[in-house]
Amino acid sequence: MPVHRGKDRKGAYYQWGDSGKRYYYETGDQQSREAAKDKAKRQGRAARASGYKG
């Protein structure tokens, strides 16, 4: 599952897959955006390391 970017009423976020945690970032803040994306990628790596095969 890829990391994707989205937006809801709470703000902009990155998320791994369709049901992963949403990592929100401050719109317009490049450093905040990169940190959120890294967290979502890290979640994907952890899921795969735990045996996820989807």
Member of Lys41, Arg33, Arg22 meeting the side chain to side chain donor-acceptor pair (under 3.5 Å) criterion with Tyr14: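 Of Lys41, Arg33, Arg22, side chain to side chain donor-acceptor pair (under 3.5 Å) with Tyr14 is met by Arg33 alone.
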Below 4.5 Å, heavy atoms only, C-beta onward: do [X] and [Y] meet side chain to side chain?
X: Trp16; Y: His4; value: no
X: Asp8; Y: Tyr24; value: yes
X: Gln15; Y: Lys21; value: no

Give me the atom names and distance for the closest heavy-atom approach of Gly20 to Gln43.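 Looking at all heavy atoms of both residues, the closest pair is CA-NE2, 3.7 Å.
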Applying salt bridge (charged side-chain N to carboxylate O under 4.0 Å, His left out), can you list everything that pairs with Asp18, at least two apart in sequence or on another chain?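 If we apply the salt bridge (charged side-chain N to carboxylate O under 4.0 Å, His left out) test to Asp18, skipping adjacent residues, there are no hits.
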Pairing residues for Arg5 by the salt bridge (charged side-chain N to carboxylate O under 4.0 Å, His left out) criterion, not counting sequence neighbours: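 Residues passing salt bridge (charged side-chain N to carboxylate O under 4.0 Å, His left out) with Arg5: none at all.
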What's the separation between atom CZ in Arg48 and atom OG in Ser50, rounded to the nearest 0.5 Å?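 With rounding to 0.5 Å, CZ (Arg48) is 11.5 Å from OG (Ser50).
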Spatial distance of atom CG (Asp29) from atom CD (Glu34) [nearest 0.5 Å]: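 Output value for this atom pair is 9.5 Å.
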Is it the case that atom CD in Gln30 sees more than 12 heavy atoms from other parts of the structure closer than 6.0 Å?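 Atom CD in Gln30 is crowded, with more than 12 foreign heavy atoms closer than 6.0 Å.
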Assert yes or no for the condition that the ring centre distance of Tyr25 to Tyr13 is strictly below 6.0 Å.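 They do not qualify: ring centres at least 6.0 Å apart.
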